[in-house]
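Here's the structure we're looking at; comments come further down.
Atoms considered below: every heavy atom in the structure, side chains included; atoms not considered: hydrogens, waters and symmetry mates.
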Amino acid sequence: MFFSKKNNNNNNINEENTESVEKIENNNNSSKKQRKKFKDTINKKYLKNGSYSSIMIVVFAAIIIVINMIVGNLPSKYTQLDISSEKLYTIGDETKAMLKDLDKDVIIYQIAQSGSEDETISNLLQRYADESDHITVEQKDPVVNPKFISEYTSDNLSSNSLIIVCGDRNKVVNYNNIYESSLDYNTYGYKTTGFDGEGQITSAIAYVTSENLPVMYTLEGHGEQDLDSTVKEDIEKANMEIKSLNLLTEGSVPEDASCLLIDAPTTDISEDEKTALIEYLENGGKAMIFSDYTGQEMPNFDAVLENYGVNRVDGLVFEGDSQHYAAQMPYYLVPTINSTDITSDLVSSGYYILMPYAQGIQKSEDVRDTVTIESLLTTSDSAYSKTDVNSGTLSKEDGDVDGPFDLGVSITETVDTDKETHIIYYSTSNLLQSQVNQMVSGGNEKLVMASLSALVDTEDSTTVSIPSKSLEVSYLTLTAYDASFWKICVIGLIPGAFLLVGFMIWLKRRKA
């Protein structure tokens, strides 16, 4: 009985152990299933997140590619900022206006080996291509295409020279003409002083696309001034041919004259020359006239001006307003620039004009109704014309003529349905001098070229002359009033302010 009971107990224990093992196994299986289910859930989550990340990477990369494609097709003026101080590869309003009216296809070849392109010139050319669909820019490697240059010129061209082509017409712009240089007397070496890229390229485009190039005749035989070299270069850059004219031998102004230049004669013209000039003008002629004070009577020259309603005032103009003269000299006139079609760009850009030793211009009341006289440059009301230039005093005296005066005028007269006389007259030839022009940072040069453009521009030809961009120090133009104001500030007001502040600090510390 004892053993039977013991066996029963053992059997019970074995059954319980078996049940426990089964429970443990069941629990283990359940745990495995839960772990597998959890693992499968985690894997699905990672797979989902990974797929989402991959899709976002692809989408982001596609957006970047599209943005790059869009930016790549934008004009360079929006993608490349010109941070150079002189805006070397930024084109001006005159060039933009010419390119806007361009209706012929022009190809600009940059002659340079691959990898040796001048970056400034390349960027400038790209601005031209961006501005007009008629401009195409191509690079030609002279090593790869050795015979290409010989198709247009026999000259040896420097690297990065340009060849501008339109149909059968072409013009070569040598690299040495794009960068200007001068001798440095301190080092006896040449240094780069200016960049004339826009001026040369715009001039070349105007040349190859113009049907007829204007011709300017300069009157000779009366002691006229020689054209300043800078002005002469500007005129030639504007694609104007300059020819001399002796009216005594020619008898009349040639028919191919687009404009006549009379540059400050020192002796009077003859009666026959006066008649020839008036006949030319009354037939729709164009003329730019300069005069200087000579102290001599010139009745025939004055008669040409009087025929169009203007007279020269005797003597030299002096300014009584310190805001209208420079260099502490009241005869170095800084006139008011009136806003006209000719001078609008100068007014908007804030340029000054400097006119040393000028005569006054007065409008006549006895003039034909068909004549229109427009004031370009005027003095202040305080100006006066000193009739005795040897008096030894700058102050106004008895006999001097009261102002104000015109110093530059534009005269027009319609003589036929398709003809108009146009005269632009300035009362000093010093307006053309380079040294005077530098004192106003090129303002005089801009005025002269704008005046010439107004005279000779036609439907068949466009006269555009862009001055070179100086790489040297620019001059600051100060009138006598400005110079006096800053002198008082620097010598008196600023030191006085420091002394006052110092005295206040000393007084405060002493009381403390």
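A salt bridge is absent between Glu131 and Lys96: the closest approach of a Lys/Arg side-chain nitrogen to an acidic carboxylate oxygen does not fall below 4.0 angstrom.
No side-chain heavy atom of Ile163 sits less than 4.5 Å from a side-chain heavy atom of Glu151. When side chains are defined from C-beta on, Asn300 does not count as touching Glu273, because their heavy atoms never get closer than 4.5 Å. Inter-residue side-chain proximity for Met298 and His222 is flagged as unmet; no heavy-atom pair is nearer than 4.5 Å. Using a 4.5 Å cut-off on side-chain heavy atoms (C-beta onward), Val304 and Ile269 make contact. Residues Leu247 and Asp272 have side chains not in contact (no heavy-atom distance under 4.5 Å, counting atoms from C-beta outward). Using a 4.5 Å heavy-atom cutoff, the side chains of Tyr128 and Ile135 are in contact. Between Val106 and Ile164, the closest side-chain pair of non-hydrogen atoms falls below 4.5 Å. The side-chain heavy atoms of Ile178 and Asn176, taken from C-beta on, include no pair separated by under 4.5 Å.
For Asp418, the CG atom counts as densely surrounded, since its 6.0 Å shell holds more than 12 non-hydrogen atoms of other residues, nucleotides or ligands. Open room surrounds CG on Asp226; 12 or fewer heavy atoms of other groups in view lie less than 6.0 Å from it. Within a 6.0 Å sphere centred on CG of Asp93, other residues, nucleotides and ligands contribute 12 heavy atoms or fewer. Around CD of Glu282, the count of heavy atoms belonging to other residues, nucleotides or ligands within 6.0 Å exceeds 12.
Residue pairs meeting the salt bridge (charged side-chain N to carboxylate O under 4.0 Å, His left out) criterion with at least one partner in residues 348-373, sequence neighbours excluded, are Lys363-Asp406, Arg368-Glu413. Applying the salt bridge (charged side-chain N to carboxylate O under 4.0 Å, His left out) definition to pairs two or more places apart or across chains, those involving residues 289-303 are Asp302-Arg312. The side chain to side chain donor-acceptor pair (under 3.5 Å) analysis of residues 249-263, with sequence neighbours excluded, yields the pairs Tyr217-Asp256.
Between Lys237 and Ser468, the shortest heavy-atom distance links the atoms NZ-N, 4.1 Å. Annotation for Ile342 and Ser451: closest pair CG2-OG, 3.8 Å, computed over non-hydrogen atoms. Here the closest non-hydrogen pair linking Ala454 and His422 is O-ND1, 3.9 Å. Contact detail for Asp314 and Tyr293: the closest heavy-atom pair is OD1-CE1, 4.2 Å. Minimum heavy-atom separation, Ile353 to Gly443: CD1-O, 3.4 Å. Minimum interatomic distance between Thr340 and Ser375 (heavy atoms only, all atoms of both residues): CG2-O, 3.9 Å.
In this structure a side-chain-to-backbone donor-acceptor pair under 3.5 Å is missing from Thr153 to Ile149. A donor-acceptor pair under 3.5 Å links the side-chain atoms of Glu198 to the main chain of Gly92, judged by distance alone. At distances below 3.5 Å, not a single donor-acceptor pair connects side-chain atoms of Tyr207 with backbone N or O atoms of Leu213. Between the side chain of Gln362 and the backbone N or O of Val313, no donor-acceptor pair lies under 3.5 Å. With hydrogens and angles ignored, the 3.5 Å screen pairs no side-chain donor or acceptor of Ser161 with any backbone N or O of Gln110. The closest donor-acceptor contact from the side chain of Thr343 to the backbone of Leu346 lies at 3.5 Å or more, if one exists at all. For the pair Ser427 (side chain) and Gly360 (backbone), a donor-acceptor distance under 3.5 Å is absent. The backbone N or O of Leu354 lies less than 3.5 Å from a partner atom in the side chain of Asn444, making a donor-acceptor pair.
The aromatic ring centroids of Tyr332 and Tyr325 lie 6.0 Å or more from each other.
For the residue pair Asn430 / Thr428, a side-chain donor-acceptor distance below 3.5 Å is found, with atom types taken as modelled. Checked by atom type, the side-chain pair Ser244/Glu220 shows a donor-acceptor distance below 3.5 Å. Side chains of Thr379 and Tyr384: no donor on one and acceptor on the other come within 3.5 Å. Side-chain polar atoms of Ser429 and Gln225 form no donor-acceptor pair below 3.5 angstrom. Donor-acceptor pairing under 3.5 Å is lacking for the side chains of Glu445 and Thr230.
For Lys386, the salt bridge (charged side-chain N to carboxylate O under 4.0 Å, His left out) criterion is met by Glu397, Asp400, not counting sequence neighbours. The ring pair (Phe, Tyr, Trp, His ring centres under 6.0 Å) search around Tyr175 returns Tyr179, not counting sequence neighbours. Checked against side chain to side chain contact (heavy atoms under 4.5 Å, CB included), Asn311 has the following partners two or more places apart in sequence or in another chain: Glu306, Ser364. Listed by chain and residue number, nothing satisfies the salt bridge (charged side-chain N to carboxylate O under 4.0 Å, His left out) test with Lys419 (two or more places apart in sequence, or in another chain). For Tyr426, the ring pair (Phe, Tyr, Trp, His ring centres under 6.0 Å) partners two or more places apart in sequence, or in a different chain, are Phe290. Residues meeting the salt bridge (charged side-chain N to carboxylate O under 4.0 Å, His left out) test with Lys232, sequence neighbours left out: none. Qualifying ring pair (Phe, Tyr, Trp, His ring centres under 6.0 Å) partners for Tyr109, counting only residues two or more places apart in sequence or in other chains: Phe148. Ser453 is linked by a side chain to side chain contact (heavy atoms under 4.5 Å, CB included) to Asp457, Thr463, counting only residues two or more places apart in sequence or in another chain. In this structure Lys446 satisfies the salt bridge (charged side-chain N to carboxylate O under 4.0 Å, His left out) test with no other residue, sequence neighbours excluded.
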**OP:** Show your reasoning for whether side-chain contact (heavy atoms from CB on, under 4.5 Å) applies to Leu162 and Leu125.
**Re:** CA-CA 10 Å; Leu162 307 174; Leu125 292 176; 3.9 Å; yes

Original post:
Stepwise, does the side-chain contact (heavy atoms from CB on, under 4.5 Å) test hold for Val231 with Ile235?
Top reply: CA-CA 6 Å; Val231 175; Ile235 294 173; 3.9 Å; yes

Original post:
Between Glu319 and Ser380, does a side chain to side chain donor-acceptor pair (under 3.5 Å) hold up when you go through it step by step?
Top reply: CA-CA 7 Å; Glu319 262 292 355; Ser380 73; 2.6 Å; yes

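With rounding to the nearest 0.5 angstrom, the CZ atom of Arg127 is 7.5 Å from the CG atom of Asp130. Going from atom OG of Ser410 over to atom CG of Asn338 covers 11.5 Å, rounded to the nearest 0.5 Å. One finds the OG atom of Ser158 at 4.5 Å from the CG atom of Asn174 (value rounded to the nearest 0.5 Å).
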